[in-house]
Protein chains: 2
Amino acid sequence: MIRDEALRLFAERGADAVTVRQIAAAAGVSAGLVVHHFGSKAGLLEAVDQHVLGLFDAMLAELSAGSGADPLAPESSGSLAEAVTRHLPADSPIPAYLRRLLLDGGDAGRQLFRRLFTASQAALDALSAAGLAARGPDPLVRAAFLMANDLAVLLLRDHLADVLGTDPLSTDGMTRWTAEVLTVYTAGLLPPHPTEPEEGIQ
Amino acid sequence: MIRDEALRLFAERGADAVTVRQIAAAAGVSAGLVVHHFGSKAGLLEAVDQHVLGLFDAMLAELSAGSGADPLAPESSGSLAEAVTRHLPADSPIPAYLRRLLLDGGDAGRQLFRRLFTASQAALDALSAAGLAARGPDPLVRAAFLMANDLAVLLLRDHLADVLGTDPLSTDGMTRWTAEVLTVYTAGLLPPHPTEPEEGIQ
DNA sequence: TCAGATACTGAACGCATGTACAGGATACTA
DNA sequence: TAGTATCCTGTACATGCGTTCAGTATCTGA
């Protein structure tokens with residue numbers, strides 16, 4: 001499928017760096033056909049954007065539905081990264097495309113971010129209502145902070161994998177990351193007992 | 001100066017989306033001169049990369065030196081965003097360029113990220129030694145988490161400004177953001193008293 | 001069977017790009 | 001004042017881009 005190959009290449013290199021001819025070659029067709037089906041490269045890009053936004057909406061819906069069912073599970077803190085890891089194969093181009101969408105994507109990116117922010121606010125409110133978290137002195141900023149922390153994993157995936165030695169979106173890496181994040185969110189950064197020294201790890 | 005105009009345009013639109021002719025026009029010279037001075041567009045890009053990396057190193061050095069002097073100050077938690085805000089004019093293209101460097105920049109980006117990660121580890125160690133934070137069960141991940149949270153402000157600046165109504169790298173926005181982050185890092189997300197309901201704000 | 005829609009190709013076009021180059025202007029040295 | 005290095009311009013060129021288009025194959029329905 002032309003659109004899937006375009007999605008993969010756009011995610012990998014960015015839409016500007018990919019030529020219509022490369023997409024056509026990857027899909028095993030001629031460049032003319034790509035334009036014939038989508039009108040133009042911009043049309044193709046928009047089709048891919050809409051496709052990914054659709055997938056994402058489905059994921060987000062399932063995520064918030066799931067958190068209603070079991071708000072005590074760690075993933076109900078609204079972790080997009082975890083939802084991505086759980087619903088998508090390890091080599092899916094979707095995470096990278098979401099990244100591009102948030103960073104380059106003009107209007108689609110803003111739409112996506114706003115939807116995420118609303119979801120993050122709702123998640124924080126739900127946790128607060130359940131007594132599992134406080135909305136804090138500045139709930140808007142707290143919701144944004146939690147969302148930004150979550151997105152950072154997506155945006156910095158490659159760099160983090162580089163320094164940590166584990167892809168943070170793999171099952172193992174996610175577990176490791178989530179455990180640490182949960183520790184901080186539960187008790188903050190402070191040591192449990194100020195007089196008792198920490199064990200030195202690494 | 002040609003290099004400064006290139007820096008500004010690269011930061012704004014990304015290196016690939018800027019032409020040598022645009023840079024030349026912005027600097028008030030001919031396209032030929034740009035190539036004459038820097039050999040090629042790639043050479044210019046490398047020169048700008050090195051320039052920004054140099055500026056950044058100076059900032060990082062001053063940051064860690066400052067944290068040694070007063071490790072109790074909020075900014076000594078190693079906040080890159082705050083260092084950027086403090087040392088650079090509000091309309092500086094440097095934050096946006098750092099963003100591009102981390103996201104697109106191949107080798108320079110990786111270098112930058114590694115340097116940041118090392119600094120983050122050192123900051124966490126220093127805070128731990130001072131009894132102000134724990135290295136946690138997985139210090140590597142904790143250092144990465146703190147750094148990623150910090151970088152997220154840089155990477156998502158525009159989107160955050162959009163939903164919050166304040167540029168998080170402005171003085172006001174930074175104050176607001178830092179206060180909330182410090183609250184979470186100090187006490188976690190949990191409400192101070194489980195039975196006592198939160199005040200509803202917003 | 002046959003007409004018409006649809007899928008598809010390959011060549012061509014205009015355009016913008018990075019770069020090369022020949023030469024003009026300017027400044028510095030002797 | 002003459003020579004020379006440096007700064008700088010405008011033109012030109014090859015390349016690769018998105019897109020157009022005429023034409024061919026393949027499928028669909030009556």
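In what follows, every chain begins at residue 1, and chains take the letters A, B, ... in the order their sequences are listed. Everything quoted here is computed from the prediction, not taken from an experiment.
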Partners passing side-chain contact (heavy atoms from CB on, under 4.5 Å) against A:A26 (at least two apart in sequence or in another chain): A:E5, A:R8, A:L9

For chain B, the stretch of DNA chain C it reaches, first to last nucleotide, under 4.0 Å of its heavy atoms: C:dT17 to C:dT19

Contacts of A:R21 that satisfy side-chain contact (heavy atoms from CB on, under 4.5 Å) - sequence neighbours left out: A:T19, A:A31

With B:H37 via side-chain contact (heavy atoms from CB on, under 4.5 Å) - residues at least two apart: B:I2, B:L33

For DNA chain C, the residues among residues 37-47 of chain B that have a non-hydrogen atom under 4.0 Å from it: B:S40, B:K41

N/O donor-acceptor pair under 3.5 Å between A:R99 side chain and A:L154 backbone: no

Least distance between heavy atoms, B:L190 atom then A:T186 atom: CD1-O, 3.6 Å

A:D150 CG to A:T178 OG1 distance, which is reported to the nearest 0.5 Å: 9.0 Å

Salt bridge (Lys or Arg N to Asp or Glu O under 4.0 Å) partners of A:D91, counting only residues at least two apart: none

DNA chain C contacts made by residues 20-32 of chain B, counting heavy atoms under 4.0 Å: B:V20, B:R21

Bounds of contact between DNA chain D and chain B, in 5' to 3' order, using a heavy-atom cut-off under 4.0 Å: D:dC8 to D:dA12

Non-neighbouring partners of A:D162 that pass salt bridge (Lys or Arg N to Asp or Glu O under 4.0 Å), sequence neighbours left out: B:R114

Partners passing salt bridge (Lys or Arg N to Asp or Glu O under 4.0 Å) against A:D16 (at least two apart in sequence or in another chain): none

Residues forming a ring pair (Phe, Tyr, Trp, His ring centres under 6.0 Å) with A:F113, sequence neighbours excluded: B:H159

Sugar-phosphate only, base, or nothing, as touched by B:V34 at under 4.0 Å among non-hydrogen atoms: nothing

side-chain contact (heavy atoms from CB on, under 4.5 Å) against B:S92, all qualifying residues, sequence neighbours excluded: B:L88, B:P89, B:I94, B:P95

Distance, nearest 0.5 Å, that separates CG of B:L146 from CG of B:L80: 13.0 Å

